[in-house]
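This report concerns only the one structure given below.
Computation of the quantities below employed the complete heavy-atom set of this structure, encompassing side-chain atoms and omitting hydrogens, waters and symmetry-equivalent molecules. Counting begins at 1 with the first residue of the sequence.
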Amino acid sequence: MKILLTGASGQLGRCFQDRLPEGWQLHAFGSAELDISNKSQVEEIVSSLKPDAIVNAAAYTAVDKAESEPEQAAKVNTQGPQNLALAARAVGAKLVHVSTDYVFDGQGNHPYLETDATNPLGVYGKTKLDGENAALAALPEAAVVRTAWVFSEYGNNFVKTMVKLAESRDALGIVSDQRGCPTYAGDLANALITLLKVEASGGIYHYGGDREVSWFEFADKIFDVAVAEGRLEKKPALTAMTTEQYPTPAKRPAYSVLDGEKIKSLGVALSDWDAALQDIIRKF
Ligand SMILES: NC(=O)c1ccc[n+]([C@@H]2O[C@H](COP(=O)([O-])OP(=O)(O)OC[C@H]3O[C@@H](n4cnc5c(N)ncnc54)[C@H](OP(=O)(O)O)[C@@H]3O)[C@@H](O)[C@H]2O)c1
């Protein structure tokens, strides 16, 4: 299997490269080598490589910054997947594209199904939703995998931020009224590999952690593990905060748990994020 990977320097991109199955051939592109918003560059690279599959791990992921840069976010999150889907179609390649729980407004109280109504609250979620639709319109056989609360040993993420903050602060306030499922990018990478192996049919799939928490509960768990692993001397005092007390430029869904039954039926295990947390904190 010849794979073209975009966003190779991001969390998912790096985890995907670490897990490439034996015998698969990988052509990994960072944003400097392949800008997915550049249609002619995408066409040129895809048509010359003729991959069997494109894995799109590239995205504009700065949720708050997107509010003041909507055009740039749309170029990467909407035109990017459209460019990739059109180029994949032209060479007969599969496409696995990754999207987000932020396509939902978070007003639900049961895990979101792939068929549930979307209603993004901010620019990031809106541009990602438009990207899903653009990719599927150009290539209905594409697999679009929505995920959530991604962390890893690479890049910037909530786990790293918490551990770093605790090095200099004795007390932290953490939002406790937003709930979701943390997802280890390595598990997500394995899920994408399985989708390619089983030749999953086109459409949307939800993939996330196997247990829901609030950001407060997630932080509490991170500090327990960091202390147990000797990464922190002591746990900071934690105060639960409301979203209202911690305003951000982009609104975030209060409840964004994704129902993973559809992807599980293909033999994909949901992310055991508790186990991953121990592993990656050891690696920090
Ligand atoms: N992180 C999360 O919590 C989260 C939650 C839900 C869904 N997701 C989705 O999961 C996927 C993977 O996220 P991640 O956490 O791995 O993201 P990440 O670490 O921010 O990586 C994204 C990568 O995309 C690259 N990129 C940005 N603009 C590009 C462009 N125009 N062309 C090519 N590459 C470009 C970035 O490269 P530069 O650094 O060089 O700009 C970066 O390496 C994304 O689709 C994201 O929307 C993430």
Side-chain angles (χ1 to χ4, degrees), residues 1-10 12-13 16-17 24-31 33-61 66 70-103 114-115 118 120 123-147 150 188-189 191-207 258 262-263 266 268:
M1 176 98 76
K2 192 201 275 186
I3 306 282
L4 188 164
L5 172 71
T6 65
S9 317
L12 174 59
F16 188 92
Q17 293 175 74
W24 288 23
Q25 192 188 341
L26 182 72
H27 298 267
F29 294 86
S31 60
E33 299 91 47
L34 174 54
D35 172 356
I36 62 166
S37 68
N38 182 334
K39 191 167 193 271
S40 55
Q41 192 184 36
V42 168
E43 278 168 4
E44 204 179 295
I45 291 180
V46 173
S47 66
S48 75
L49 264 180
K50 295 194 177 38
D52 298 306
I54 298 174
V55 174
N56 183 28
Y60 181 111
T61 54
E71 291 87 9
Q72 182 56 21
K75 268 174 78 174
V76 184
N77 292 343
T78 305
Q79 285 153 37
Q82 182 176 45
N83 293 339
L84 293 169
L86 289 169
R89 191 176 71 185
V91 299
K94 299 181 196 338
L95 172 66
V96 177
H97 169 61
V98 181
S99 191
T100 174
D101 55 332
Y102 282 16
V103 298
E114 288 80 355
T115 47
T118 53
V123 170
Y124 168 75
K126 166 93 173 67
T127 57
K128 292 290 289 183
L129 177 62
D130 291 346
E132 295 180 356
N133 291 331
L136 287 168
L139 186 70
E141 303 79 26
V144 173
V145 182
R146 290 185 185 139
T147 189
V150 178
L188 172 61
L192 304 189
I193 288 167
T194 303
L195 286 185
L196 287 167
K197 282 185 179 165
V198 303
E199 305 202 356
S201 51
I204 295 175
Y205 295 86
H206 284 175
Y207 182 81
L258 300 174
K262 180 178 172 187
I263 204 164
L266 298 175
V268 174

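Looking at every heavy atom in both residues, Lys126 comes nearest to Pro120 through N-CB, 3.4 Å. The heavy-atom pair separating Val268 from Ala191 by the smallest distance is CG1-CB, 3.6 Å. Between Ala85 and Ala138, the closest heavy-atom pair is CB-CB, 3.7 Å. Contact record, Leu266 with Val198: O-CG1, 4.1 Å, taken as the closest heavy-atom pair. Nearest heavy-atom pair across Ala73 and Val123 is CB-CG1, 4.1 Å. Closest of all the heavy-atom pairs between Leu95 and Ala88 is CB-CB, 4.5 Å.
A donor-acceptor contact shorter than 3.5 Å is absent between the side chain of Thr127 and the backbone of Thr78. Counting only distance, with no hydrogens or angles, the side chain of Lys128 and the backbone of Val98 share a donor-acceptor pair below 3.5 Å. Checked by atom type and distance alone, the side chain of Gln41 pairs as donor or acceptor with a backbone atom of Glu33 at under 3.5 Å. The closest donor-acceptor contact from the side chain of Asn77 to the backbone of Gly131 lies at 3.5 Å or more, if one exists at all.
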message: For a side chain to side chain contact (heavy atoms under 4.5 Å, CB included) check, start with the C-alpha distance between Val42 and Leu84, then their side-chain angles and the critical distance, and finish with the verdict.
response: CA-CA 7 Å; Val42 168; Leu84 293 169; 3.8 Å; yes
query: Given Val46 and Ile54, is the side chain to side chain contact (heavy atoms under 4.5 Å, CB included) satisfied, shown in steps?
result: CA-CA 9 Å; Val46 173; Ile54 298 174; 3.9 Å; yes
task: Check the pair Leu26 / Phe16 against side chain to side chain contact (heavy atoms under 4.5 Å, CB included), numbers first and verdict last.
output: CA-CA 10 Å; Leu26 182 72; Phe16 188 92; 4.1 Å; yes
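Between the CG atom in Leu196 and the CH2 atom in Trp24 there is a gap of 4.5 Å [rounded to 0.5 Å]. For the atom pair CG of Leu12 and OG1 of Thr147, the computed distance is 8.5 Å after rounding to the nearest 0.5 Å. How far NE2 of His27 is from CD1 of Ile3: 9.5 Å, rounded to the nearest 0.5 Å. Rounding to the nearest 0.5 Å gives a distance of 4.5 Å between CD1 of Ile45 and CG of Leu34.
Shown here is Lys75, whose NZ atom has no more than 12 heavy atoms of other residues, nucleotides or ligands within 6.0 Å.
A 4.5 Å side-chain heavy-atom check between Val150 and Thr61 finds every atom pair outside the cut-off. With contacts defined as side-chain heavy-atom distances shorter than 4.5 Å, the pair Val91/Leu49 does not qualify.
Counting only residues at least two apart or on different chains, the side chain to side chain donor-acceptor pair (under 3.5 Å) pairs with a member in residues 86-100 are Asn56-His97, Ser99-Glu132. Contacts classified as salt bridge (charged side-chain N to carboxylate O under 4.0 Å, His left out) and involving residues 42-52 (residues at least two apart or in different chains) are given here: Lys39-Glu43. The side chain to side chain donor-acceptor pair (under 3.5 Å) pairs that include a residue from residues 193-206 are Arg146-His206, where partners are two or more places apart or lie in different chains.
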